[in-house]
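Residue indices begin at 1 and follow the sequence shown.
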Amino acid sequence: MKLINLSKKGEAYTAKAKTSFKLFGITFSSTVQEFIKPVSEENWYDFEGRKVSENKKIILNKWLKDHQRFIE
């Protein structure tokens with residue numbers, strides 16, 4: 001996953017990330033996903049309202065920690 005945009009809209013953080021599918025070093029497809037984290041909650045949700053996996057949650061929390069001082 002690569003970070004595209006991280007911002008705060010109202011009472012929630014939103015992150016846009018590009019995810020790629022690679023096989024033997026060749027990129028076959030890439031998609032842009034949007035994730036939402038309400039300020040009052042610990043969990044990240046995808047655009048459809050489902051909780052993200054633990055691995056994605058770790059990455060998203062790291063990005064938020066690194067960029068939080070710039071977006072507030």
Check the pair Val39 / Lys8 against side-chain contact (heavy atoms from CB on, under 4.5 Å), numbers first and verdict last.
CA-CA 9 Å; Val39 174; Lys8 184 176 182 183; 4.1 Å; yes
Determine whether Val32 and Ile4 satisfy the following criterion, side-chain contact (heavy atoms from CB on, under 4.5 Å), listing intermediate values before the conclusion.
CA-CA 9 Å; Val32 175; Ile4 295 174; 4.0 Å; yes
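- If you check the side chains of Thr19 and Thr31, you find a donor sitting under 3.5 Å from an acceptor.
- With values rounded to the nearest 0.5 angstrom, Ser30 atom OG is found 9.5 Å from Lys2 atom NZ.
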Can you list the steps and then say if Lys16 with Phe47 is a side-chain contact (heavy atoms from CB on, under 4.5 Å)?
CA-CA 10 Å; Lys16 285 186 182 179; Phe47 194 67; over 6 Å; no
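- Contact check for Trp44 versus Ile36: no side-chain heavy atoms found under the 4.5 Å cut-off.
- For the atom pair OG of Ser29 and NZ of Lys22, the computed distance is 11.5 Å after rounding to the nearest 0.5 Å.
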Which side-chain N or O atoms in residues 51-60 pair as donor and acceptor under 3.5 Å with protein atoms at least two apart or in another chain?
unit_1, atom_1, unit_2, atom_2, d
Ser53, OG, Lys56, N, 3.4
Lys56, NZ, Gln33, OE1, 3.4

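- Contact record, Trp63 with Leu6: O-CD2, 3.6 Å, taken as the closest heavy-atom pair.
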Using the side-chain contact (heavy atoms from CB on, under 4.5 Å) rule, take Gln68 and Tyr13 through it: C-alpha gap first, then chi angles, then the decisive distance, then the call.
CA-CA 10 Å; Gln68 193 167 18; Tyr13 294 104; 2.9 Å; yes
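- When side chains are defined from C-beta on, Lys37 counts as touching Leu64, because their heavy atoms get closer than 4.5 Å.
- In Glu41, the CD atom is crowded: over 12 heavy atoms of neighbouring residues, nucleotides or ligands sit closer than 6.0 Å.
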